[in-house]
Structure formats: structure tokens, C-alpha cells
Amino acid sequence: MFARFYLSLVVLASSAFASPAARIAIQSRQAITPLSTAQIEAYKPYTFYASTGYCSPSTTINWSCGANCEANPSFIPVASGGDGDAVQFWFVGFDPTLNSVIVSHQGTDSSEILPILTDAEFILKALDSSLFSGVSSSVEAHDGFAKAQASTASAVLAAVQEAMAAHSTTAVTTVGHSLGAAISLLDALYLSIQMPSANVNFIGYGLPRVGNQAFANLIDSKLPNLSHINNKEDPVPILPSEFIGYVHPSGEKHIMDSNAWVACPGQDNDSKECTTGDVPSIFSGDENDHDGPYDGVEMGC
Ligand SMILES: *[C@@H]1O[C@H](CO)[C@@H](O)[C@H](O)[C@H]1NC(C)=O
Ligand SMILES: *[C@@H]1O[C@H](CO)[C@@H](O)[C@H](O)[C@H]1NC(C)=O
Ligand SMILES: *[C@@H]1O[C@H](CO)[C@@H](O)[C@H](O)[C@H]1NC(C)=O
């Protein structure tokens with residue numbers, strides 16, 4: 001609230017006193033901007049990796065599981081795990097074209113995630129200080145998401161370190177859809193804390209809210225270039241509710257009904273062009289939008 005108040009003061013002050021050029025610069029920094037075709041296409045390999053999270057058996061990547069899993073043919077798997085039941089499938093590997101280590105966690109469809117998001121049993125809790133060392137106890141995340149992330153954290157970290165060493169890279173991108181996006185956002189924070197010199201980014205699809213205001217602020221400072229991409233009227237990203245203390249980090253890209261993608265500035269931008277404004281309640285959402293298509297890609301196996 002103070003930040004918004006401060007921003008409006010800056011805008012007021014600038015329109016009164018700044019030169020027209022400076023005013024335009026301030027306005028364009030805050031504007032909701034459409035993404036170019038090239039910017040949208042740059043997400044595609046990550047979109048396939050988020051979808052491939054669904055295709056992974058417990059030992060190796062199952063490349064025979066649908067076209068989405070075969071869309072990044074140069075991918076070099078390093079490790080995978082999970083059982084697709086109690087523990088979501090996950091995999092770690094290296095993409096030579098992107099020159100990045102990739103971490104992906106399996107997602108869920110909307111019929112499975114909506115009950116988790118509205119389950120009162122899961123509450124906001126401080127992050128586990130053995131995984132997230134040095135993080136203030138005021139930083140809280142959804143207990144169910146945090147437990148899911150913790151269950152694979154050390155195996156994922158070991159695989160990421162192995163992949164970074166084998167391919168001489170510091171770039172790590174965590175991806176996922178739905179529940180997989182929530183786990184991968186926590187993984188991105190975890191990896192950036194465990195490996196301060198790594199260059200960690202997160203690209204998620206249909207991301208639910210994961211933590212409180214302090215969590216969103218920490219994510220913004222640690223992962224300033226992340227993207228969470230929301231499709232049309234998907235209701236999952238508006239859950240759990242802001243009224244019980246959940247806040248999205250910045251970095252939303254919203255696919256509008258016209259299929260244009262826009263970058264939404266700030267956390268939970270309530271403009272009608274962004275999800276929080278476009279989907280004011282679960283009743284105005286459409287569950288069918290949760291799986292995509294994200295620039296032609298439907299999530300799943
Ligand atoms: C891989 O996917 C194919 C097609 O979905 C399936 O028939 C096969 O059983 C899977 N293999 C493993 C090892 O999970
Ligand atoms: C930020 O992320 C976008 C989308 O993944 C990428 O194209 C761009 O190169 C990144 N910028 C920086 C400075 O890392
Ligand atoms: C939402 O985007 C608009 C630009 O249209 C910007 O002025 C506003 O500050 C943003 N809201 C938040 C909450 O960041």
C-alpha cells in the first residue's frame with residue numbers, strides 16, 4: 001500500500017514538474033506491454049519442458065510419451081525421480097541450445113489442484129531454515145507446496161550441481177505447470193540460496209499463489225527476471241486468495257482472449273488485462289484454460 005502510494009506520488013510529482021520526455025519514461029516503465037512474436041516464441045522450449053514434467057517415469061525420461069516430450073531433442077537428462085503419486089515426477093538435465101540446466105516438476109490438472117488450493121488444512125508457514133538458510137521467519141509459504149518441494153530438494157540440488165559441473169554453466173532454469181510451477185518456484189528460491197553464484201531463473205505456467213507478501217518480495221529480489229504465464233481466465237492463479245494473505249511475485253505474463261501476451265508490471269496487477277483483475281473470483285474463471293494452450297502447447301502427457 002505504501003509502495004503504491006509512493007508510486008502515485010512520483011507520478012503526480014513527475015507530471016507536474018518533469019519534462020515531457022521524463023514523464024513518458026516513467027509511464028512506459030509501468031505500462032502493461034504486449035510481447036513481440038519473438039519474445040513469445042522464446043518461451044516455447046521452456047513450455048515443452050514444463051509439459052514434459054508429466055511424462056517422466058521414475059528412472060529415465062520417457063521420450064515416447066507424446067510430442068511435447070520430444071520437442072527438445074538435444075536435451076541431456078541427468079537425473080529424475082518421483083512416482084507421479086505421493087511425489088510429483090521431476091527431472092534435471094542440460095539444454096545445450098539454451099545453455100541452461102533445466103529443472104522440471106510434474107503438474108496437476110485443475111480438478112486435482114483446486115481442492116489443494118481451497119483446503120483449509122494447508123496454512124502459510126515459515127520456510128524450513130535448513131533448506132532456506134538466512135531467510136527471515138516472516139517469509140511464509142503454503143505448507144503443502146513447501147512439503148512437496150522439501151521432499152525432493154536435496155536430490156534436485158545434487159543433480160543441478162552435477163549438471164552445472166558437467167556442462168560448465170551457471171545458468172539454471174526451473175519450470176513447471178500448476179502444482180509443478182509452485183514446487184519449481186520454491187526450488188528456484190532454494191537453489192539461488194544454496195548456490196549464490198548461480199544464475200537462477202523461473203518460468204512457470206498457471207502458477208497458484210505460493211506465499212505471503214514477504215515471500216513475494218523475497219522472490220522479486222532473488223529472481224528479478226522470472227516469468228509466470230497465465231492463460232486467459234484460468235482460476236488457479238487467483239488461489240489461494242489474497243484475503244488470506246497470499247501474494248504473487250512480479251513477472252506475470254497474461255495471455256488475453258485475443259491470444260496476445262502482455263507483461264503485467266508489479267505483484268498481482270489488478271488491471272483487467274492481467275489475471276487478478278480479469279478473474280475477480282473463481283466463478284468468473286474457466287478451469288479449461290488451466291492446461292493451455294500456451295502459444296499452441298497444451299500441458300500434460
Ligand atoms: C512411456 O510412455 C508410453 C506412451 O505413453 C507408455 O506406453 C510406456 O509404458 C511408458 N514407459 C514407461 C517406462 O513409463
Ligand atoms: C529474462 O528472461 C527472458 C525470458 O526467459 C529472457 O529472454 C531474457 O534473456 C532474460 N533477461 C535477462 C537479463 O536475463
Ligand atoms: C498495473 O499496471 C499498471 C499499468 O497499466 C500500473 O500503472 C500499475 O501500477 C500496476 N499495478 C500494480 C499493482 O503494480
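The chain is numbered in sequence order, starting from 1. We count ligands from 1, going down the list as the structure has it; atoms in each ligand are counted the same way.
Among A31, S250, P265, the residue whose heavy atom lies nearest to atom 14 (O) of ligand 3 is P265. For the residues T33, V262, N269, the heavy atom positioned nearest atom 3 (C) of ligand 3 is part of N269.
Relative orientation of the Y294 and Y205 rings is perpendicular, given thresholds of 30° and 60° on the angle between their planes. Ring orientation note: the planes of F94 and H167 are close to parallel, at an angle under 30° on the 30°/60° scale.
For ligand 3, the atoms lying closer than 4.0 Å to a non-hydrogen atom of G266 are 14 (O). Distances below 4.0 Å separate heavy atoms of I32 from the following atoms of ligand 3: 2 (O), 4 (C), 5 (O). Within the listing of ligand 2, atoms 5 (O) sit less than 4.0 angstrom from a heavy atom of I203.
Using modelled atom types, one finds no donor on one side chain facing an acceptor on the other under 3.5 Å when comparing T276 with H248.
Annotation: D268 places no N or O atom under 3.5 Å from an N or O atom of ligand 3; distance criterion only.
Atom 7 (O) of ligand 2 has its closest protein heavy atom at A42 CB, 4.9 Å. Taking atom 4 (C) of ligand 2 as the reference point, the nearest protein heavy-atom neighbour is Y43 OH, 3.8 Å. At the shortest separation from atom 1 (C) of ligand 2 among protein heavy atoms lies N225 ND2, 1.5 Å.
Inside a 4.0 Å radius of atom 11 (N) of ligand 2 there is at least one protein heavy atom.
Between H177 and H105, the gap from one ring centroid to the other reaches at least 6.0 Å.
Separation of atoms CG (N231) and CG (D291) is listed at 9.5 Å; rounding is to 0.5 Å.
With respect to D143 and K125, a salt bridge is recorded, a charged nitrogen being found less than 4.0 Å from a carboxylate O. A salt bridge does not link D278 with K232: none of the charged nitrogens is closer than 4.0 Å to a carboxylate oxygen.
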